[in-house]
Amino acid sequence: MKTIINEFKTVAMLFAALLLSFSQISCSSDDDDAPPPVVVDDNDDNDDDGGNGGDGGNGGDSGCEFENVNPNLNSGTIDFECSGNAFLAADELGEANPNGNWGRFGPGSGGDEFLTLTYVDNPYSGGINESERVLAVTEQAGVENWSGFFFDLEEKINFPAGQGALKIKVYSDAPDQNVLMKLEDKTDAQITTGDRTALTTESGAWEEVIFNFSEDMSGQYDRIVFIMNLGASNDAERTYYMDDIAFSEPVEVVVPDDPTTAAPTPTQDESSVLSIFSDAYTNVEGTNFNPDWGQSTVVEEVSIDGNNTLKYGNLNYQGTEFSPALDVSGKTTLHIDYWTPNATFLNFYLISPGPAETSVALNVDNLGQWQSIDIPLSSFSDVVTLSDVIQFKVEGNGNVFFDNIYFYGSSASPGAAAPAPTHPESEVMSIFSDSYTDVDGTNFNPNWGQSGTVEFEELSAGNSAMKYSNLNYQGTQFGAALDVTGKTHIHLDYWSADASELNFFLISSGPAETPYALPIQAGSWQSVDIPLSEFSSVVNLADVIQFKVDTGANGSGVTVYWDNIYFHGTSSGTTGGNSGGNSGGNGGGTSANQPSTSAPTPSQADADVISIFSDAFTDVAGTDFNPNWGQSTVATTESYVSGDSVLKYTNLNYQGFTFQSSIDVSGKTNLHLDYWVADTTAVNFYLISPGPAETPVALDCSTTGQWISIDIPLSSYSGVVNLADVFQMKLGEGNGTIYFDNIYFH
């Protein structure tokens, strides 16, 4: 007999299914067609009732009066002979019977008949199992590949010294039957050991499989859960046999350093997927899988069985950054496949600006196996803004392999409003947006014989979207023709769960029109800025009378939400806009809203300074002064006085600085800043070390229109921030417009 532990590929639906409380998903006791009571072979001609100690007992005459009780593993082997859970329909756990003591999960097409439990005479008596009765588990054809059952115990399991494992006998028709066992608290199914699995090796014989737990788990669990052949969906009805659950010594598990097989191939339709890392889908662009956050983790992309896989070696924590931010508010689930030979804990975070982050713990009980997890995005949404996901983060230890990281599932409508526009109103001609003043007289639903309807739906307080339902095509007609020759782009935000093709038209008199194909990502807000040059060869931009949207070859019936439809930008050589009237405009002059003199020249010696931004010193290399953290801030570098560059932050809410590599400023005493306030009323300046560990210092913004020089003692940060490992700065909780120069440590 061979015993093999923890060898199987987890199917994609397993985690989501088993994570649910079985008390919720196995309700069936109120169905008139529920299975009959368990079959027990009572021999009326036998005067001795058998039992476990009389004539017959285990392996003798099977005639006995069956006792329907919750079994007690602490009292001895659960042998399925003359006592145990009878699996009566009246005792099945469900909404109508919250005190039930057994249940089933993972139905097929046959309702409550998808899985039945019956005590039968041992059909394969011999070898290691000559007992009289066994438990037969019969599954219907087409049953879910994670279908199984559970039953409750009389009392919580207490593992004897040296016996921190459980063993059972199973009959194997053929090798590679994946048997799953886990233990739970019957009052709270979230209190669990996690899954334990064993792979059978025999063919046409009884064998014993062992599931390692721990003596430390004593006194916690009084429910046993089984899946008899995880991952198998039966073409025909199939019966599995099991017997004799007992304590055992643990078996040694030999785990390889690296996986030898690829992660399971995803089965989600690509139209519903937003993929971060997977060979099965087209991944989003611009992802940085190894930003420098000061981690010890070594990130590699390796090939496992011909499949690209992410390897995190020597993990402590690891970030992933998106550019641009991801809108996953229209998705329902995050999928991850992971494999580890030695991690003892693993937490996975979503992060939106702030940073706002929260984690979900990944189960690491099954070392040396691919684990598949489907995490409801509701696990993050109380903290994280799902329409503005800027980063992932993993915390853990050991070596971990990841594959098939993607969001999927599409809700019927956006979970959040479209991103707030950042273009200044002075350069915008708005058609539909709560952020700007719209042009008058627009008819958003002219009668052009279209199949769809137009509605306006409030997605957040004060923010409405325009909803096209049953769309085939839809027009928008202006009260008067628009002259957009002085603009450079048209901006659109749009969201759809089911559109596969969308074309956007500008139309001038004639009609003269030409389409622009919009990129599609199901279930996410998309923001596009279309150059008006895409239309100008056909359309008279001085005489735009209409918009049109159609679904191309997609036909009709799709739903699309729209927001923030506006023209923006200022063409060179045009009147109006930002030229002329504004003192200096964009032409490099000065005004009351920008500096007319340079910041004070620093007096420190270059050798005593670590400079971040200053024309007076040699700056550290590679600083990103405008990382995409989802901010509304517009960051630019300006030169208002010859030879002197300054950082300008407009429409400030927050703004990051990311260093190419961490900076050790533990040998310095102060952080110097020069800043010039246009109309900012408040802003905080942060230093950040990995974790992230950060703390702010408030800048005085009461004086406007002149340079302010400050030296912040680094002791203001050192109680929180590791000064030997500073990898970011941040402006936070700000507003308005502010300028910076001469940012350096000394």
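The figures that follow rest on heavy atoms only: side chains count, while hydrogens, waters and symmetry mates do not.
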Just by distance, with hydrogens left out, do [X] and [Y] show a side-chain donor and acceptor under 3.5 Å apart?
X: D374; Y: Y408; value: yes
X: T344; Y: N397; value: yes
X: N122; Y: E132; value: no
X: N70; Y: D152; value: no
X: D403; Y: N307; value: yes
X: N178; Y: T197; value: no
X: S131; Y: D243; value: yes

*Side chains of P123 and Y241: does their closest heavy-atom pair fall under 4.5 Å?*
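Side chain of P123 against side chain of Y241, heavy atoms only: contact under 4.5 Å found.
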_Is any side-chain heavy atom of I351 closer than 4.5 Å to one of V384?_
no
Does [Y] offer a backbone N or O that forms a donor-acceptor pair with the side chain of [X] under 3.5 Å?
X: S172; Y: P175; value: no
X: R196; Y: F213; value: no
X: D222; Y: E154; value: no
X: N470; Y: T559; value: no
X: Y281; Y: Q268; value: yes
X: T192; Y: L183; value: yes
X: T200; Y: Q177; value: yes
X: Q220; Y: D216; value: yes
X: W370; Y: P259; value: no
X: W102; Y: L88; value: yes

*Dump the intermediate steps for side-chain contact (heavy atoms from CB on, under 4.5 Å) on V400 and L362, then the final yes or no.*
CA-CA 11 Å; V400 185; L362 306 186; over 6 Å; no
_Those residues that, when tested against F149, pass ring-ring contact (aromatic ring centres under 6.0 Å, His included) (two or more places apart)_ =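 Here the qualifying residues are F226.
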*Taking only residues two or more places apart in sequence, or in another chain, which ones meet Y349 in a ring-ring contact (aromatic ring centres under 6.0 Å, His included)?*
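ring-ring contact (aromatic ring centres under 6.0 Å, His included) check on Y349 returns nothing, list empty.
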_Pair L153-I224, side-chain contact (heavy atoms from CB on, under 4.5 Å): steps then yes or no_ = CA-CA 8 Å; L153 303 175; I224 304 181; 4.1 Å; yes
List for me each residue that meets side chain to side chain donor-acceptor pair (under 3.5 Å) alongside [X], sequence neighbours excluded, and say none if there are none.
X: N342; result: none
X: T77; result: none
X: T260; result: none

Quick check: closest heavy atoms across [X] and [Y], and the distance to 0.1 Å?
X: E130; Y: S125; result: CA-OG, 3.5 Å
X: T340; Y: A343; result: OG1-N, 2.9 Å
X: P266; Y: Y406; result: CB-OH, 3.6 Å
X: D337; Y: S372; result: OD1-OG, 2.6 Å
X: Y338; Y: N363; result: OH-O, 2.7 Å
X: N68; Y: A86; result: OD1-N, 3.0 Å

Contacts of [X] that satisfy side-chain contact (heavy atoms from CB on, under 4.5 Å) - sequence neighbours left out:
X: E249; result: none
X: A205; result: E202
X: S218; result: N158, F159
X: D258; result: K311, F401

*asked:* Apply side-chain hydrogen bond (donor to acceptor under 3.5 Å, both in side chains) to residues N283 and S275 and explain how you reach the verdict.
replied: CA-CA 5 Å; N283 299 320; S275 180; 2.6 Å; yes
*Would you call E207 and K169 a salt bridge, using N to O less than 4.0 angstrom?*
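Looking at K169 together with E207, the answer is no, because their closest N to O distance does not fall below 4.0 Å.
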*Taking only Lys NZ, Arg NE, NH1 and NH2, and the carboxylate oxygens of Asp or Glu, determine whether E184 and K182 approach each other closer than 4.0 Å.*
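Result for this pair is yes, salt bridge flagged.
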*In sequence, state the C-alpha distance, the side-chain angles, and the governing distance for D195 and N366, and then conclude on side-chain hydrogen bond (donor to acceptor under 3.5 Å, both in side chains).*
CA-CA 7 Å; D195 304 337; N366 291 319; 5.0 Å; no
*Would you mind listing every salt bridge (Lys or Arg N to Asp or Glu O under 4.0 Å) that reaches into residues 224-241, with sequence neighbours excluded?*
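Listed once each, the pairs are D173-R238.
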*Going by the side chain to side chain donor-acceptor pair (under 3.5 Å) test, which pairs reach into residues 375-385, not counting sequence neighbours?*
none
_Ring-face cation of R223 near F151 (centre distance under 6.0 Å, axis angle within 45°)_ = no
_For a ring pair (Phe, Tyr, Trp, His ring centres under 6.0 Å) check, start with the C-alpha distance between F348 and F392, then their side-chain angles and the critical distance, and finish with the verdict._
CA-CA 7 Å; F348 196 94; F392 287 159; 5.0 Å; yes
*Please lay out, stage by stage, how N404 and S278 fare under the test side-chain hydrogen bond (donor to acceptor under 3.5 Å, both in side chains).*
CA-CA 4 Å; N404 302 321; S278 177; 2.7 Å; yes
*From CA spacing to verdict: side-chain hydrogen bond (donor to acceptor under 3.5 Å, both in side chains), D91, N97*: CA-CA 7 Å; D91 294 333; N97 186 24; 5.3 Å; no
*I would like to know whether L377 and K331 meet side-chain contact (heavy atoms from CB on, under 4.5 Å); could you show each step before the answer?*
CA-CA 8 Å; L377 291 181; K331 302 300 181 186; 3.8 Å; yes
*Name all residues meeting the salt bridge (charged side-chain N to carboxylate O under 4.0 Å, His left out) criterion together with D185; count only those two or more places apart in sequence or in a different chain, and write none if there are none.*
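With sequence neighbours excluded, D185 shows a salt bridge (charged side-chain N to carboxylate O under 4.0 Å, His left out) to K156, given in chain and number order.
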*Do Y119 and F66 have their ring centres less than 6.0 Å from each other?*
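Aromatic pair counts; centres sit under 6.0 Å.
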_Steps toward ring pair (Phe, Tyr, Trp, His ring centres under 6.0 Å) verdict (F277, F402)_ = CA-CA 9 Å; F277 185 90; F402 287 95; 9.5 Å; no
